[in-house]
2 protein chains.
Amino acid sequence: MHRIMKIGIDILGVDAPEKIINFINTYKDDEVELYVYGMEKELAKVTKTENIVKNLCTEQVFMEDDSARVHRKKKDASMIRLLEDLKNDVIDVAISGGSTGAFMASSIFMLGRIEGVSKPGLASLLPTRSDHKFLLTDLGANVEARPEDILNYAKLGQLYMKYIYNIETPSVALLNVGVEETKGNKVYKEAHQLLKSNISNFNGNIESRNILEHTNDIVVSEGFAGNVMLKTIEGVAGSLGKMIKGIFMQNLKTKIGGLLVKSGISAFRKKFDYSEYGGAFLLGIKKPSIKVHGSSDENALYYAVQQAKQIHKTKLYDIMIETMEKGEQK
Amino acid sequence: MHRIMKIGIDILGVDAPEKIINFINTYKDDEVELYVYGMEKELAKVTKTENIVKNLCTEQVFMEDDSARVHRKKKDASMIRLLEDLKNDVIDVAISGGSTGAFMASSIFMLGRIEGVSKPGLASLLPTRSDHKFLLTDLGANVEARPEDILNYAKLGQLYMKYIYNIETPSVALLNVGVEETKGNKVYKEAHQLLKSNISNFNGNIESRNILEHTNDIVVSEGFAGNVMLKTIEGVAGSLGKMIKGIFMQNLKTKIGGLLVKSGISAFRKKFDYSEYGGAFLLGIKKPSIKVHGSSDENALYYAVQQAKQIHKTKLYDIMIETMEKGEQK
């Protein structure tokens, strides 16, 4: 008999815990048992009775908590209990929408790094203008990256895209300030050479002006520039969206104009609704913990659970550990 | 009698030299004498006869030229002759749309650095969602910046915004991956402390997700992240623009929708037409050279010449040299 998957969900630390609870109460999936972590107030609202395990916690992680210490200071917080259960194989995959800093630091400390990876990188799938999606890493876990860290992101990213999206040899590009291989600072110049020697299907540098137009499967960078790029994409898309909305709201004429293009605008919004691409995750740790956005709703949780199922079914993390420990090269 | 200003314009190195020539032939301004630099073919098309000095050159700088050496290898190229005349006070301000790398390196080598500034930064004015504009620097001149370089960008940027835009004490923010002062890598953490101690009206860190929403007069960063952010803004705005256009072009209904919001869309485009904000320039060199976009048209040249006039009238570069040499602090 197929063993049921155990997926852990932290109810706390998000903008709207009621949306997480609503997802839990309405999610139907015979393959999955949900382990939910929250305090008395939230757990009381979890009315689902089948395939559910409630874990009563007495505290919660806040944004202000010291990310590096919270796993020792708040052992009974929902996020920490969740990760502790993942560590001890009580659950198979963990999902949380709490503080990114606390989630990253606690995941690294509690779940451990894969041998050969000293600095895990945060990764997430992003949209482009076409239907193509790509994995961007590091989104900001490691703002003092060395060239070998960037090489590890590429290796681990290729495993992710190969096993989760069935791409045989995923293509990789390096974020840089120009396409020539001599461009960038010392870290990027060295990273370019390492990628060139060690990664099959390395397509060289990519400039951020093409980030929504390119066709690479993976874009790697150190965490500072990766974080700046991610937040610029989000910020510019958000600001331009508000401006476009303003244009349509000016008067009756423009409002009618808005109605006539409504379906196109909805499709456009949907593309930039990152929640449908699943959550972010650390490349380089031993067990799968998924970080969803603090503003996550039922939809975002649904996609994160599908991502968790894929990760578990493909045994991706075991493959990552094996591959890196063998120190395999192309 | 008021001495006439001498503004030099490089006709070559742009996508469409005929647009530059058209600007030159039609520009009327009693305060300005235009010094134009091009080869025989282009100069033959310059039909303006008053307040014009034609400088016949025998070669031109190309994108492929080695930026660091071109000022010695191609002494008779239009861009190099332009900068040589600026160096020798034949002209007051230089404008070119040629290779950015060559223009930056040649400007630094030929015009010299201001005492105390070892690495000049490239700066440009950028739009936000409101009518507010801000100066962003470094856009990529120096991808190995030290904290003291970033401090210099802030000091020089404040002088630019004070004298060109009449802002008494321009506000400064530091691009970073989070707002807390402990965020970022070593360079950014140290830069934050230097800015805090030395810059009046320093507003702390800014995240790139707010870059089109904030109200600071100046945003400083090292050149790698600054370049990534600039190109992400350009790229995302361009890609989203194409997507919006696609939405309107789908069918007759959406095309009518497009007509109804036409004026709003034009205003939106105009805001992101960077050419109206003048060209980019190096903060930390001794004489004013302005880099306009390779795709510049008559309009872009018009605004660059107005910027050049302001720079000359305010004696901004003399003030920069004096201020930095005195090592003035707040």
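Scope of the values below: all heavy atoms of this structure, side chains included, with no hydrogens, waters or symmetry mates.
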Look at [options] and state which one has the largest set of heavy-atom pairs under 4.5 Å with chain A.
options: B/Ile211, B/Asn142, B/Asn176; result: B/Asn176
options: B/Val236, B/Thr128, B/Thr232; result: B/Thr232
options: B/Lys183, B/Glu234, B/Lys242; result: B/Lys242

Give the member of [options] that has the highest number of heavy-atom pairs under 4.5 Å with chain B.
options: A/Thr254, A/Leu175, A/Val228; answer: A/Val228
options: A/Ala267, A/Gly264, A/Ala237, A/Ser239; answer: A/Ser239
options: A/Met243, A/Lys186, A/Met229; answer: A/Met243
options: A/Ile244, A/Leu240, A/Ile265; answer: A/Leu240

### Message
Counting neighbours of NZ on B/Lys119 that are heavy atoms of other residues, nucleotides or ligands and sit closer than 6.0 Å, is the number greater than 12?
### Response
no
#### Entry: The single option from A/Asn216, A/Thr215, A/Asp217 passing side-chain hydrogen bond (donor to acceptor under 3.5 Å, both in side chains) against A/Asn203
A/Asn216
### Query
Which word best sums up how the rings of B/His214 and B/Phe134 line up, parallel for under 30°, tilted for 30 to 60°, or perpendicular for over 60°?
perpendicular
### Task
To the nearest 0.5 angstrom, please state how far the CG atom of A/Asn227 sits from the CZ atom of B/Arg209.
8.0 Å
### Query
When rounded to the nearest 0.5 angstrom, what distance separates NZ in B/Lys291 from OG in B/Ser124?
10.5 Å
[X] versus chain A, the contacting section by heavy-atom distance below 4.5 Å:
X: B/Lys255; answer: neither
X: B/Asn210; answer: neither
X: B/Leu259; answer: neither

### Message
Quick test of your reading of the model: are B/Asp65 and B/Lys74 salt-bridged, counting only N-O distances below 4.0 Å?
### Response
yes
### Task
Give a yes-or-no answer on whether the side chains of B/His132 and B/Ser130 include a donor-acceptor pair shorter than 3.5 Å.
no
### Under 4.5 Å from a heavy atom of chain B, the part of A/Leu230 involved
neither
### Query
Do B/Phe224 and A/Tyr188 have their ring centres less than 6.0 Å from each other?
yes
